[in-house]
Amino acid sequence: MLNINSSDKTKVFKIIFIQLISASIAFIAPIVINANYGNAKLADILYIYSGFVLVYSLANLGLPEQIQVWRSKGGVLLDLGGFFLTACLIIFSISAVLYFFNIDFSIILLIIFCFSYILFESLCRILNQDGNIIFGQILLSLFPILFWINAYLEIISIDSSLVLFSFNLSMCALSFILFKGEFAKGKQQRESVEISFLGTSKIYITRSYAALFAEMPLIILFNASSSANVVIYGIITRIILPISMIVQSFYSVFLRKKIIGHYSLPKVSFRSIIFFIIVFLAFGSFFYEAVD
C-alpha cells in the first residue's frame, strides 16, 4: 500500500486541477471550432497537430525523461546549456539549408518544433526534479490551451503556432530556472554525468505506442478524405485525455523520488493491453453510432 503524505496529496490535487482545465479546453475547443467553421476546418487543424505530435513523439528518443534522470544524479545545468546550444546551431543550420532549396516550409517548422518542444519538455522536467512541480505543470498545460485558443481565433497559422508557443514557453521555463539560480548549483562539483538513453527506453517506447495509437489513425483518415471521421476520432481521443492526464499527475509527483539510483516503469500485462483495446473499440463504436 502506497503511503501518501498530505504535502504530496496537495500537489497531486493541484496538478490534477491544472491538467483537467487544460484537458477540458482541449476537448471543448474542437467542438466549438467544428460548430462554427465546419468539420473540414477542424480536420485540417487536427491533421497538422497530429502530424507534429507524432513526429515529435518518435523523434525525441526519450531525451526529456533522461534529462530528468541525469539531473537527479547531479547533472550540472551549465553542461546541459552547451548541449542544447550545439543542437540549436545544428537544427537552424539544417533549416536554413532546407529553406535555401525551397523545401516545404511546414517541414522546416516541423524540424524546429521537435527541437523546441524537446527543450520545453526537458526544462519542465528539470523544474519537476528541482521541486518546482506546480510551475512545470502550469507551463505544460499552457501549451494545449494556447494552441486551441489560437486555432479558434486564427491569429497565426497552426504549424507556426506550435513552434511559437513551445519556444516561448521554453523561454519562460529557462527564465524561471535562471531566476532561481539553478544554473549556479553544482558548478563547484564539475564531475561529468553522462546522459544515457538506456534508463528511459521503456517510457519512450510506451509514449511512442500511445502516439501511434492516438495520432496515426487520424492521419490515415484525413488522407482518406474523411473529414467527418477525423473529427469523430479526434474528439474520442480527447474524451480519454483527462484520464491519461490524471495518471501522469501521479508520476509527476512521485517520479522525482523514484528515479534516484535507478529508473523503471511498472510492467503492463498483455491481457491488460488487449482489454484496453477492446474497451476502446467498443466505446469508439458506440460513440460513432451515437454521433452518426
Under the criterion side chain to side chain contact (heavy atoms under 4.5 Å, CB included), I'd like the reasoning laid out for Ile90 against Phe115: C-alpha separation, chi angles, the key distance, then a yes or no. CA-CA 10 Å; Ile90 293 173; Phe115 165 76; over 6 Å; no
Closest approach of Phe113 and Ser166, non-hydrogen atoms and distance? CD1-OG, 3.9 Å
To the nearest 0.5 Å, what is the distance between CG (Leu164) and OG (Ser157)? 9.5 Å
Look at the side chain of Ser50 and the backbone N and O of Leu218, then say whether any donor-acceptor pair between them is shorter than 3.5 Å. no
Does Tyr152 reach the main-chain N or O of Pro30 with its side chain, forming a donor-acceptor pair under 3.5 Å? no
As a quick check of understanding, evaluate side chain to side chain contact (heavy atoms under 4.5 Å, CB included) for Leu123 and Phe176, giving each step before the final call. CA-CA 10 Å; Leu123 290 172; Phe176 184 85; over 6 Å; no
Heavy-atom pair of closest approach, residues Gly136 and Leu127: CA-CD1, 4.0 Å
Closer than 3.5 angstrom, by distance alone: can the side chain of Asn60 be matched with the main-chain N or O of Cys114 as a donor-acceptor pair? no
CD1-OH distance between Ile219 and Tyr49, expressed to the nearest 0.5 angstrom: 12.5 Å
Before you tell me yes or no, could you show the steps for Phe179 and Ser175 under side chain to side chain contact (heavy atoms under 4.5 Å, CB included), namely the whole-Å CA-CA distance, both residues' side-chain angles and the distance that decides it to 0.1 Å? CA-CA 6 Å; Phe179 177 77; Ser175 299; over 6 Å; no
Could you tell me whether the side chain of Asn39 and the main chain of Asn34 form a donor-acceptor pair under 3.5 Å? no
Centre-to-centre under 6.0 Å for Phe147 and Phe165, is that the case here? no
Closest heavy-atom pair and its distance - Pro217, Leu212: CD-O, 3.3 Å
Could you grab the distance from atom CG of Asn128 to atom CD1 of Ile134, nearest 0.5 Å is fine? 9.5 Å
For Phe167, is the CZ atom crowded, meaning more than 12 foreign heavy atoms sit under 6.0 Å from it? no
Apply side chain to side chain contact (heavy atoms under 4.5 Å, CB included) to Leu153 and Trp148, showing your working. CA-CA 9 Å; Leu153 298 176; Trp148 284 109; over 6 Å; no
Is there a side-chain contact between Arg125 and Ile67, using heavy atoms and a 4.5 Å cut-off? no
Check whether any side-chain heavy atom of Ile21 lies under 4.5 Å from a side-chain heavy atom of Phe17, and answer yes or no. yes
At their closest point, which heavy atom of Leu139 faces which heavy atom of Phe120, and how far apart are they? O-CZ, 3.3 Å
Do the side-chain N and O atoms of Ser141 and Ser22 include a donor-acceptor pair separated by under 3.5 angstrom? no
Between Tyr117 and Phe143, how do the two ring planes meet: parallel, tilted or perpendicular, split at 30° and 60°? perpendicular
Checking the side chain of Ser160 only, and the main-chain atoms of Ile156 only, is there a donor and an acceptor separated by less than 3.5 Å? no
With side chains defined as the heavy atoms from C-beta onward, is the minimum distance between Phe105 and Leu98 less than 4.5 Å? no
Mind checking the CE-OG spacing from Met216 to Ser57? Nearest 0.5 Å is all I need. 11.0 Å
Just how far is it from atom CD of Glu154 to atom CD1 of Ile45, taken to the nearest 0.5 Å? 7.0 Å
Taking atom types as modelled, find out whether Tyr56 and Glu121 have a side-chain donor-acceptor pair closer than 3.5 angstrom. yes
Do you know the tightest heavy-atom contact between Val231 and Ala43? CG2-N, 4.3 Å
Distance in Å, Ile149 CD1 paired with Ser161 OG, rounded so as to fall on 0.5 Å steps: 11.5 Å
Provide the closest heavy-atom pair for Leu46 versus Gly234 in the form atom of the first, atom of the second, distance. CD1-CA, 4.2 Å
Contact between Cys124 and Phe135 at the side-chain level, heavy atoms closer than 4.5 Å - yes or no? no
Are Leu89 and Ile108 in one and the same hydrophobic cluster, where Ile, Leu, Val, Met, Phe, Trp and Tyr link if side-chain heavy atoms are under 4.5 Å apart? no
Treat each ILVMFWY residue as a node, draw an edge where side-chain heavy atoms are under 4.5 Å apart, and state whether Leu85 and Ile111 are in one component. no
